[in-house]
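Right, one structure below, let's go through it.
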Protein chains: 2
Amino acid sequence: MIREAGLKLTRPRASILAVLESSQKKHLSAEDVFQVLTQQGQQIGFGTVYRVLTQFESAGIVKRHNFEEGHAVFELHQENHHDHLVCLRCGQVKEFFDEKIENCQDQIAEKMGFAIIDHSHVIYGYCSDPECTEK
Amino acid sequence: MIREAGLKLTRPRASILAVLESSQKKHLSAEDVFQVLTQQGQQIGFGTVYRVLTQFESAGIVKRHNFEEGHAVFELHQENHHDHLVCLRCGQVKEFFDEKIENCQDQIAEKMGFAIIDHSHVIYGYCSDPECTEK
DNA sequence: TCCTAAATGATAATCACTTGCATTTAATTG
DNA sequence: CAATTAAATGCAAGTGATTATCATTTAGGA
C-alpha cells in the first residue's frame, strides 16, 4: 500500500499504518499515533509522524478531519464516502451517509456555480450513552 | 447589543462590533479585525480582539467557523441558519440553506440516537470566477 | 465624584504543527 | 553482497494562531 503510493517502505511508515489499521478507534490524532508507537517501545520522532500522515493524506491512504478545532484526526481512507456525527461529551464518532443529502449538495453547488472538490459535514450533539445525555 | 449580552460597553468591544457590522467581507479572522482597527488608527491589543470575539461567540453575537484549518473566522450571528460554500482559490464564501438537508440531518441524528446541538456543513470547490475555474 | 469589579494592553506562554539539517537507511547498481 | 545515493528520519529550533498572566486602566453603580 505504501509502495503503491510511490513511497519508500520504511519502518516508521509501516508502523504508523499498522497503528491506524489495528486501532479500535478509527480517528486518531498525530499525538495519538505517536503515543501508541512510543508505548509499543518504538522510537519515532514527532515530526516524522506528522510528515508521514500528511504524505498518507496526499497519497489517499488516510483522510484528515477537523472535528474539534485545535487538532486534526486521521482515519484510513474508506471505499465509501461518509460523513460524521461527533458526541460533544465522550468524543465518540459515528459515520453516516445519506444519498439525498449528497444529491442536494450537488444541486446547490451547481446552482451557485461551484465545482465541488470536497465537503465537510459534521453533526455535533450528545450520543445515546447515558453518560452523555444532555444534562 | 453588547449591553444586552451582559457585557460592559467598552471602546474595544464597540469598535470590534462596528468592524464586523461595516465590513463587506462577512467572515473575518481575529487578525483581520485587528488589522482594520489598527489601520483606523485605533490602538488595541491582540489579546483583546481574541477575548472579545470569544465573548461575542458565547453571547450569540457572532458565530465562529473553521473553514480553513489554522485559523477561525467570525461572522455576525444571523437570524436564519445557513451553511457555506468556500472557494479554494479565492477564499470567497457563499451561503446556502436547504430545508431538505436539514430535515435529513435531523432524521439521521434521531436514528443514530444523537441529540443535535450544532452542525458544520461546508462545501469546498472552485467558484464561477474565471480566475478560479479548475485548471 | 468615588469606588470596585471588570476589562484592557503588553508580553510571555502554549499548543499543534512544520522545517532545517546532520545522520541513517532503503533499495538500486555494480 | 557491498557500494552508492537519494530519500527518509530524529532531533531541535521555528511558526502561527491563540491563550494566559498581571499590572494598569476604565465603566458604571453608589
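All chains are named by letter (A, B, ...) in the order of the sequence lines, taking the proteins before the strands, and each is independently numbered beginning at 1. Just so it is clear, the model here is predicted, and its values are computed rather than measured. Just so you know, these numbers use all the heavy atoms, side chains as well, and skip hydrogens, waters and symmetry mates.
If you check the side chains of T54(A) and R51(A), you find no donor sitting under 3.5 Å from an acceptor. Side-chain atoms of E57(A) and H77(A) include no donor-acceptor pair closer than 3.5 Å. Side-chain contact check for H84(A) and H27(A): at least one donor-acceptor pair (N or O, by modelled atom type) lies under 3.5 Å.
Side-chain N/O atoms of Q43(B) include one lying less than 4.0 angstrom from OP1 or OP2 on dA10(C). At least one side-chain nitrogen or oxygen of Y50(B) sits closer than 4.0 Å to the OP1 or OP2 atom of dT18(D).
Listed by chain and residue number, K26(A), E75(A), H82(A), E95(A) satisfy the side-chain contact (heavy atoms from CB on, under 4.5 Å) test with Q78(A) (two or more places apart in sequence, or in another chain).
Seen from the ring of F74(B), R64(B) does not count as a face-on cation partner, given the 6.0 Å and 45° thresholds.
For the segment residues 52-70 of chain A, the set of residues with a heavy atom within less than 4.0 Å of an atom of DNA chain C comprises G70(A), in numerical order. Of the residues in residues 28-40 of chain A, not one places a heavy atom less than 4.0 Å from an atom of DNA chain C.
With DNA chain C read from its 5' end, the first of the two nearest nucleotides for L9(A) and T10(B) is the one closest to T10(B). Between H71(B) and G6(A), the residue whose closest nucleotide on DNA chain D is further toward the 5' end is G6(A).
The pair D118(A)-K63(A) meets the salt-bridge criterion, with a side-chain N (NZ, NE, NH1 or NH2) lying under 4.0 Å from an Asp/Glu carboxylate O.
Across all strands shown, F46(A) has no heavy atoms under 4.0 Å from either base or sugar-phosphate atoms. Across all strands, R13(A) comes closer than 4.0 Å only to sugar-phosphate atoms, never to a base (heavy-atom distances).
Judged by distance alone with a 3.5 Å cut-off, no donor-acceptor contact links the side chain of R3(B) to the base of dG28(D).
The interatomic distance linking I2(B) (CD1) with dA27(D) (C1') rounds to 13 Å, in whole Å.
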